[in-house]
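Okay, structure first, notes after.
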Amino acid sequence: MKTFALAGNPNCGKTTLFNALTGATAHVGNWPGVTVDKREGVYKGGNENVNIVDLPGIYSLSPYTPEEVISRNYILGEHPYGIINIVDATNLERNLYLTTQLLEIDVPVIVALNMMDEVEKSGDKIDAKSLENALGVPVVEISALKSKGIKQLMDRAVAMSAERKGTTVLKGVLDKQLETACAFYEAAGIKSSLFHAVKLLENDELELERKGAKQAFEEAVAGEDLEAVIADERYKYISSNLAFIKVKKAGKGVLTKSDRIDRVLTHRIWAIPIFIVILFCIFHITFSEDFLYIGAWAGIGGGLPALDDLELSEGLAAFVGIFYDGAVFSPGVILFNIFDTIFGLITDGIGGAIQTEWLSGLVADGILGGLFAVLGFLPQILLLFLFFSILEDTGYMARIAFVLDRIFRRFGLSGRAFMPMIMGFGCSVPAMINTRTLADEKERTATVRVIPFFSCGAKLPILVAIAGGIVTYFRVGNADLITYGMYILGVCSAIVCVLLMRNTTLKGETPPFIMELPAYHLPGFKNLMLHLWDKTKHFVKKAFTIIFASTVIIWLLSHLSWNWHYIPDEEMQNSILASIGMLVQPVFTPLGFGSQIGTFGWVFAVAALTGLIAKENVIATFGTLGACLISMGAAITGNADAILADEEGVTAAIAMIEATGISIPALIAFIAFNMTTIPCFAACATAKAELPEGKFKLTVLLWLLSSYIISAAVYTIGSWWWTLFIWLAVVAVVTTFIVLRNLGKFDILAIFKRKKKGEE
Ligand code: GDP
Ligand code: MG
């Protein structure tokens with residue numbers, strides 16, 4: 001069977017075309033050694049069946065990003081029958097840049113001019129025949145989204161002859177140098193000599209690793225720096241030789257629809273306020289318990305009645321409670337409530353059906369409780385991802401990255417780092433994978449390291465429960481304000497850490513921001529759903545594996561004594577978990593939730609520890625331990641049933657506050673610790689895969705240190721306000737050191753190294 005590889009820029013419609021071609025035959029694997037998805041499938045719509053491989057989206061075939069290396073190695077090493085180069089016709093110039101590189105390889109290429117529906121809608125025309133003549137390879141107009149032109153594309157692809165010699169647009173410019181370089185590869189018997197030769201002239205590190213290449217390189221380029229020259233020549237060729245292809249109906253100087261939208265959305269002053277409003281709307285729709293502020297508005301005129309005041313029958317109250325309680329809930333909260341009600345019914349049904357006490361506890365609290373605590377948040381996380389996917393697919397995110405570039409640059413990052421960071425609010429795992437769009441390794445390392453500080457969906461329940469606990473128990477503050485403040489604390493920590501790293505261990509230039517701004521388009525439904533699934537499957541998988549296992553283990557450890565006897569809730573103090581907790585408890589003393597909070601203080605230590613497996617565990621642990629504390633009479637808040645009925649974990653948090661007598665600053669420090677410490681197991685594994693060799697251990701150390709320092713600061717300043725001055729003094733000293741060192745006046749590391757040498 002012939003194999004065709006789909007190659008093209010990110011967002012050119014590769015995945016859409018791939019899905020249209022392969023339908024149900026597709027399966028997803030991984031490229032060896034990296035976590036980039038590899039999609040393969042079979043196209044059965046033509047005279048013969050062919051294999052289709054979806055290569056990662058790339059702008060070029062240089063050796064800078066893993067995607068580029070994967071695509072390049074695949075095409076050169078795996079010898080596909082041909083390449084289908086997908087070109088976004090609404091962004092021809094930028095997309096053809098990659099085409100000019102693909103043409104240099106000795107492999108049949110066919111160009112699929114995608115998004116022709118958009119082009120036609122805007123009234124432009126593209127002269128595909130002329131483009132075909134100019135490039136010397138077949139060009140077919142298609143619309144992947146509307147499944148138009150796909151059969152023609154595949155028919156012509158299959159009909160291509162298997163032999164093709166590479167061609168280059170650099171002819172007549174670097175002939176002499178190319179000839180020398182080509183000779184080297186031909187002598188070595190390497191296929192696609194033209195492609196390799198051009199790369200060699202570009203000072204390409206993969207080529208220079210080849211035996212004898214260094215010498216050939218020196219000989220060919222003779223001390224010149226050709227990389228920029230070559231890039232420049234490609235663009236020049238495209239704009240002077242291929243510009244005629246695109247005929248604008250409306251004539252020059254008239255703005256397209258995208259341009260007009262951009263005049264507002266990327267406005268010099270308004271772009272960022274507009275973006276903040278959009279973000280706020282997304283969070284409001286997903287998380288607000290007072291949708292459109294109906295409750296608050298009604299409050300001016302006396303307010304809406306609370307659910308309890310309506311005096312409905314039990315069943316009706318449960319139903320109405322899904323949508324309303326003194327205010328109308330947002331769609332996200334309504335979805336959450338629906339899930340939660342269903343889960344509650346299942347848990348009650350199963351838990352009640354089992355007669356044995358310990359088994360019923362294990363199944364209802366240990367297994368179902370933990371699983372549902374996590375899955376309950378799925379609707380809101382899905383909704384959040386859906387909005388982000390829409391922003392991404394329409395092309396808006398790319399623009400925001402562009403707008404924010406100005407600001408990010410001050411902190412030593414480019415605007416591209418923005419997308420992964422904002423995704424971090426959903427889940428660190430896809431966010432870290434998304435850092436692949438950052439070409440610079442140091443910038444990428446810094447970004448991966450701070451992603452956990454952008455409080456992910458799984459940390460939200462911790463915030464909600466403890467903020468709710470503080471407000472209800474101590475009768476101070478405002479839960480929303482505490483939650484919001486913690487998000488900001490996370491973002492500030494990220495900024496400080498990036499500044500620190502970019503000025504010390506990860507110093508380097510921030511690469512210039514070149515990014516294609518795709519034309520705006522309405523996202524396709526099927527595509528959106530696929531993106532959504534792509535992003536949530538990690539989460540679902542996590543719920544059924546890591547979290548499932550760890551809740552069972554926590555339950556077992558909290559209900560087993562050291563001699564493996566079952567102990568009921570009331571005697572939890574004698575459990576294995578309690579003794580482990582007591583052992584590590586002193587470590588947290590400087591943070592306020594250690595030895596000073598007495599006999600039951602270990603529950604906070606255990607919650608923090610279980611969070612290392614998955615952040616959802618913190619709240620699942622709260623539920624389990626809070627219920628036990630009430631059963632054993634250490635806390636008097638309601639009864640254990642109240643905890644299971646309280647899906648937000650506030651009751652459990654109150655029980656823990658009551659039993660330990662923990663202070664408000666210590667509670668806030670506890671949240672801060674969980675927000676900035678080592679992320680969950682899955683995120684750690686991703687970080688290890690995404691970070692350059694040897695950087696992972698340091699990263700874990702950074703997470704540990706930062707969370708420890710941040711929450712110690714929160715606790716001490718909250719407890720004794722004057723310690724603020726001590727912390728400020730420390731910050732001042734550290735800053736001075738770094739500034740002096742960067743000015744070359746004072747090298748603390750050099751002194752240290754000299755000393756070490758002297759000792760040896
Ligand atoms: P990839 O990054 O190359 O895999 O691109 P995707 O397949 O994810 O497509 C990016 C965006 O372009 C999605 O919103 C698609 O719906 C949209 N898209 C893809 N093909 C077409 C097309 O032929 N016409 C239009 N109007 N939109 C398209
Ligand atoms: Mg894709």
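Side chains are part of it too, since the values below use all heavy atoms of this structure and drop only hydrogens, waters and symmetry mates. The residues of the chain are indexed from 1 along the displayed sequence. Every number for a ligand or one of its atoms is a count from 1 in the order of the listing. Given the structure is predicted, the values throughout are model-derived calculations rather than measurements.
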- Query: Tell me the ring-ring contact (aromatic ring centres under 6.0 Å, His included) pairs involving residues 102-159, sequence neighbours left out?
  - Reply: none
- Atom indices of ligand 1, in the order listed, that fall short of 4.0 Å to a heavy atom of Thr16: 6 (P), 7 (O), 9 (O), 15 (C), 19 (C)
- Counting each atom of ligand 1 from 1 as listed, which ones have a heavy atom of Ser143 under 4.0 Å away? 22 (C), 23 (O), 24 (N)
- Taking the six-membered ring for Trp and the full ring for Phe, Tyr or His, determine whether the centres of Phe4 and Tyr43 are under 6.0 Å apart. no
- In terms of heavy-atom contacts, does CG of Asn133 have more than 12 from other residues, nucleotides or ligands at under 6.0 Å? yes
- Message: Considering both backbone and side-chain atoms of Gly13, is one of its nitrogen or oxygen atoms within less than 3.5 Å of a nitrogen or oxygen in ligand 1?
- Response: yes
- Do any nitrogen or oxygen atoms of Ala144 lie less than 3.5 angstrom from nitrogen or oxygen atoms of ligand 1? yes
- Message: Only heavy atoms of Gly524, strictly under 4.0 Å: list the atoms of ligand 1 that pass.
- Response: 16 (O)
- Message: Would Cys12 count as a polar contact of ligand 1, with the cut-off being nitrogen or oxygen pairs under 3.5 Å?
- Response: yes
- For ligand 1, find out whether one of its N or O atoms is nearer than 3.5 Å to an N or O atom of Glu118. yes
- Message: Measuring centre to centre across the rings, with the benzene-like ring taken for any Trp, is Phe388 within less than 6.0 Å of Tyr396?
- Response: no
- Measure from the ring center of Tyr59 to the ring center of Tyr97 and say whether it is less than 6.0 Å. no
- Query: Counting only heavy atoms, which portion of Leu145 has something under 4.0 Å from ligand 1: side chain, backbone, both, or neither?
  - Reply: both
- Task: Mark yes when over 12 heavy atoms from residues, nucleotides or ligands other than Glu163 sit less than 6.0 Å from its CD; otherwise mark no.
- Result: no
- Report the residues that fulfil side chain to side chain donor-acceptor pair (under 3.5 Å) with Tyr520, sequence neighbours left out, ordered by chain and then residue number. Asp262, Arg399
- With backbone taken as N, CA, C and O and side chain as the heavy atoms from C-beta onward, which portion of Asn114 lies under 4.0 Å from ligand 1: side chain, backbone, both, or neither? side chain
- Message: Using heavy atoms and a 4.0 Å limit, tell me yes or no: is Gly57 in contact with ligand 1?
- Response: no
